[in-house]
Amino acid sequence: MGAWALLAMCVLIPFCCQVIGVTSQDELAQDVRILYPWQQRDILATKMQRFKRAWVIPTISVSENLRNIPSQVVQIKSDKKHLGSIIYSIKGPGVDEEPKGIFSINKTTGIVYLNAVLDREKIERFKLCAFALDSDGIPLEDPTDLQIVVLDQNDNRPVFLQTVFKGYVLENAIPGTLVMKVIATDADDTNTDNAQLKYSIIEQERPEIFSINQDTGEIRTVQVGLDREVVGSYNLTVQVADMMGKGLSSTARAIIAIGDLNDNPPEFTQDEFLMEVPEQSSGMDIGRVSVTDRDLRGSPNWLVQYSIISGDPQGAFSIRTEPQTNEGILSVVKPLDHETKGIHNLTVTAQNEVQLIASVPHTFRSQALVKVIVKNLNEPPVFSENPMVVRVKERIMPGSVIGAYTAIDPDISLVQEIRYSLISDPANWLLLDGQSGQIGTRFSMDRKSPFLQGGWYTALIAASDNAIPSLSATGTLSVEVLEQNDHAPVLQQHSGELCSTPHHGHGILLSATDEDLPPQSYPFHFQLDQSSTALTYNWSISVVNGTHAMLELLNEVREGVYILPLLVSDSGDPPLAQLHVLNVTVCRCDVVGICRGSAAALFSSGTGISLSALIIILCSVALLLVLALLLLLFRCTSGHPAHKSLLSESEDDVRDNIFNYNEQGGGEEDQDAYDMNRLRNPAMSVPPSPRLKPPIRRDAPYSQTIPRYPRRPADRPSDIGDFIQDGLQAADSDPSVPPYDTALIYDYEGEGSVAGTLSSILSSEGDVDQDYDYLQDWGPRFRRLADMYGHQ
């Protein structure tokens, strides 16, 4: 088998193969040498023997950015010249696939040409397939791969990922602290020096505090001295270069922010602050204190928390921080009294929200003295007791003194006069002395007055001084009106009835009321006259609750009416009692305990029906009876005609009839077997009577004896068929004809039939009375018959 010869750059092949490397434009311009690596003869063998060796195809290297276009890349050749002329071809990406037209081949010589400038960063390798054919298109060699590698040139500058890098490091950081890392990339081949990058800092402020790792791009601190209060941020210019730092380069900025630590304590701007506050004031701001802090403004290292550590044992002051200005706002939360204490000396401290670092010492300027002067002002009078509670009995005499409601002036240094006045007196019950504050009654106080709420009467009294302007105070006077027992209880029942037999039926339930309120009213005490032995022997009273008691018989007594004296007393202090007379009717009772006494006993009983109620009941019953009689008389005298039912013509209901269908019947007169009226459509109206009276059909329903009047025949002979067809349809839809399942007898005419005889013998006799004038309406064909028979 034949083999290929391949000329490639910088590839060595054993057995004395010659290799030509394509490295420059000058070398590519030289002739391409031919190589036969696939066929050798073993001269040491004693026998003639042919050995087959596989192709060893070296990789072809072509430099990118080659401008001498077109350029020879390599020549491929086959040694099978004895077979005739050889045609060479290549295929693959860069030839007949995208990107097309980069490589081409001379079909006769096998020289491969480069037709375009290559860019390794876009395509770094081409894999082609080479073919050798004879003139008839028969392959001389097996297809083989042709690898073309694009050599890299340093044609790409390294680029930082960002134009500005931002880093952060706390102040007072120790040397070697990692601050940030800068990163750059190079599009050239990473396996060559074209992409070997080195980093460096080319510019930074003095002193040089930062350094960069030339291989990784990490920036670290190299010495101490970072102080945010001195320098808040650093700007560095960093550079990256390829070819191990000697090739193409780029620069970027690195901004390093210095983080703040709480290394500066807050200090008051003054050692002492002076403020004033009016006495009796609360809930108001009275002044501000200020501090300085060099730490980062707005950060927890700068914000101050104030506190009062001495001079305010009562907690009358408070201090808070204004976040925008970092000032302390002092407020008074409890009223101050100038007469009690005129000056308050407060010690205030300031500290940051974040604790100071250990290396920073505390300073005495973190404390300050705040002197608060309480200004003396005119104060309103103050009631010694507010509200003032007074208790009086109801119905107290007008003009009675119930107490004195006074106030004092807290301004000891001022001599002022206090005047009193009534602000609210809803019932106008009170009298007030304007100078002394003494309170009296104008009218008697009634506990049942609507101006009392739960027995309490409320009035408002004002105390005013004589200062300019005048100040006043309001006091509340609460008067409890005590209940007085001035009403005796009243018995509600004055009559009742009992069964003559003890413990038979029910007793008499007694109840009482009292106009007084508790505790001057119930519980009530019911008691019979204890001086009468007969009462205590035969009658007893038992307590049901605080307002009710039960009267019962102890022994059997005679029937009749008994008058019992009953004493009812309340629970007031002192108690009041009232004697009442109770009429008790003793009667004989039935088994269920109902009294069977007279009507008088019934009327006298408080639990029975009264006479007025009985009269109303009797009148109502009489009125109902009169209405019933009037209604009956009206119905008897009314002359409404009786309406017949739908089946009034039949004596028996057809739904109860039993019909026999196994006999044909007796002809047209036999109407008992089937009622035609039941088949008639009740919604269809009876047709109007024709001008001439036709013969009566006996097979029609009773309610419709007249059949449908005949229609006028057509004038033209051609319409006779339509006329007959319309007549058939009218007969089929006629509701007066018998149903299809009705069996009729036609060989027996019956008796009394109005139909004429069918015999031709008597036809002339029957035609005498026949009226044929209607033939005039049937058209010209029937007029001759009308003339012959119509006038007879």
Side-chain angles (χ1 to χ4, degrees), residues 228-229 260-358 360-382 386 408-414 465 467-469 471-474:
R228 191 207 64 82
E229 287 73 32
D260 183 53
L261 292 176
N262 191 14
D263 54 352
N264 293 279
E267 297 180 350
F268 282 99
T269 58
Q270 301 174 211
D271 296 334
E272 182 178 327
F273 296 88
L274 182 62
M275 302 178 187
E276 289 185 352
V277 58
E279 64 175 342
Q280 304 302 326
S281 300
S282 63
M284 60 179 297
D285 299 337
I286 60 177
R288 297 192 176 202
V289 294
S290 58
V291 296
T292 58
D293 196 319
R294 298 177 60 197
D295 292 322
L296 181 61
R297 185 181 182 87
S299 68
N301 300 325
W302 175 79
L303 287 175
V304 175
Q305 292 179 342
Y306 297 91
S307 59
I308 301 173
I309 60 175
S310 64
D312 185 24
Q314 305 298 327
F317 299 92
S318 67
I319 190 170
R320 68 182 187 277
T321 303
E322 173 63 42
Q324 284 73 27
T325 62
N326 216 19
E327 293 178 328
I329 303 175
L330 187 64
S331 304
V332 56
V333 296
K334 293 182 180 180
L336 302 177
D337 189 4
H338 171 78
E339 287 73 23
T340 303
K341 190 174 183 179
I343 298 177
H344 295 266
N345 295 317
L346 308 178
T347 302
V348 180
T349 61
Q351 60 182 5
N352 297 121
E353 292 183 356
V354 178
Q355 188 176 3
L356 284 171
I357 60 177
V360 178
H362 291 274
T363 174
F364 68 92
R365 300 207 57 178
S366 295
Q367 291 186 1
L369 177 64
V370 180
K371 182 177 293 187
V372 180
I373 299 175
V374 182
K375 296 191 300 182
N376 187 20
L377 297 177
N378 181 30
E379 301 176 55
V382 178
N386 197 2
I408 59 174
D409 194 336
D411 295 322
I412 303 176
S413 59
L414 301 177
D465 57 21
I468 300 176
L471 297 180
S472 62
T474 302

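Residues take their numbers from the sequence shown, with the count starting at 1.
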> Between D260 and S299, what is the shortest heavy-atom contact and its length?
Replying inline: OD2-OG, 3.8 Å

>> Measuring from atom CG of L369 to atom CG of N345, what distance do you get when rounded to the nearest 0.5 angstrom?
In response: 5.5 Å

> Taking all non-hydrogen atoms of both residues, which atom of S472 and which atom of P381 are closest, and how far apart?
Replying inline: CA-CD, 4.1 Å

>> Counting only heavy atoms from other residues, nucleotides and ligands, does the tally under 6.0 Å from CD of E272 exceed 12?
In response: yes

> Which atoms form the tightest heavy-atom contact between N326 and V304, and what is the distance?
Replying inline: OD1-N, 3.0 Å

>> Run D465 and L471 through side chain to side chain contact (heavy atoms under 4.5 Å, CB included) and show every step you take.
In response: CA-CA 6 Å; D465 57 21; L471 297 180; 3.8 Å; yes

>> Using side-chain heavy atoms (C-beta onward) and a distance below 4.5 Å, is L346 in contact with L330?
In response: yes

> What pairs meet the ring-ring contact (aromatic ring centres under 6.0 Å, His included) rule with one or both residues in residues 303-345, with sequence neighbours excluded?
Replying inline: F317-H344

> Rounded to the nearest 0.5 Å, what separation is found between the CG atom of L296 and the CG atom of N301?
Replying inline: 7.5 Å

> Who passes side chain to side chain contact (heavy atoms under 4.5 Å, CB included) against Q305, sequence neighbours left out?
Replying inline: E353

> Is there a side chain to side chain contact (heavy atoms under 4.5 Å, CB included) between S282 and K334 once you walk through the steps?
Replying inline: CA-CA 5 Å; S282 63; K334 293 182 180 180; 5.7 Å; no

> Is it the case that more than 12 heavy atoms not belonging to Q355 sit under 6.0 Å from its CD atom?
Replying inline: no

> Can you tell if the side chain of M275 reaches within under 4.5 Å of the side chain of V289, non-hydrogen atoms only?
Replying inline: yes

>> Ignoring hydrogens and geometry beyond distance, is a side-chain donor-acceptor pair present between N264 and D295 at under 3.5 Å?
In response: yes

> Given side chains that start at C-beta, do those of N376 and E279 come closer than 4.5 Å, heavy atoms only?
Replying inline: yes

>> Would you compute the distance between atom CD1 of I329 and atom OG1 of T321 and round it to the nearest 0.5 angstrom?
In response: 8.5 Å

> Side chains of V374 and K341: does their closest heavy-atom pair fall under 4.5 Å?
Replying inline: no

> Closest approach of P469 and N378, non-hydrogen atoms and distance?
Replying inline: O-ND2, 3.7 Å

> So how far is it from I319 CD1 to D312 CG, rounded to the nearest 0.5 Å?
Replying inline: 11.0 Å

> Which is it for Q280 and D337 under the side chain to side chain contact (heavy atoms under 4.5 Å, CB included) test, yes or no, and what are the steps along the way?
Replying inline: CA-CA 6 Å; Q280 304 302 326; D337 189 4; 3.9 Å; yes

> Out of curiosity, E267 CD to S366 OG, how far, rounded to the nearest 0.5 Å?
Replying inline: 6.5 Å

> So, are E229 and R294 salt-bridged, with charged N and O less than 4.0 Å apart?
Replying inline: no

>> Pair Q351, N262 - check side chain to side chain contact (heavy atoms under 4.5 Å, CB included), show working.
In response: CA-CA 11 Å; Q351 60 182 5; N262 191 14; over 6 Å; no

>> For a quick test of reading the model, state the closest non-hydrogen atom pair linking V333 to S318 and the distance between them.
In response: CG1-OG, 3.5 Å

>> Could you measure the distance from the CD1 atom of I343 to the CG atom of L336? Nearest 0.5 Å is fine.
In response: 12.5 Å

>> Which heavy atom of G311 sits nearest to which heavy atom of P313, and what is that distance?
In response: C-CD, 3.6 Å

> Checking R365 side chain against D271 main chain: does a donor-acceptor pair fall under 3.5 Å?
Replying inline: no

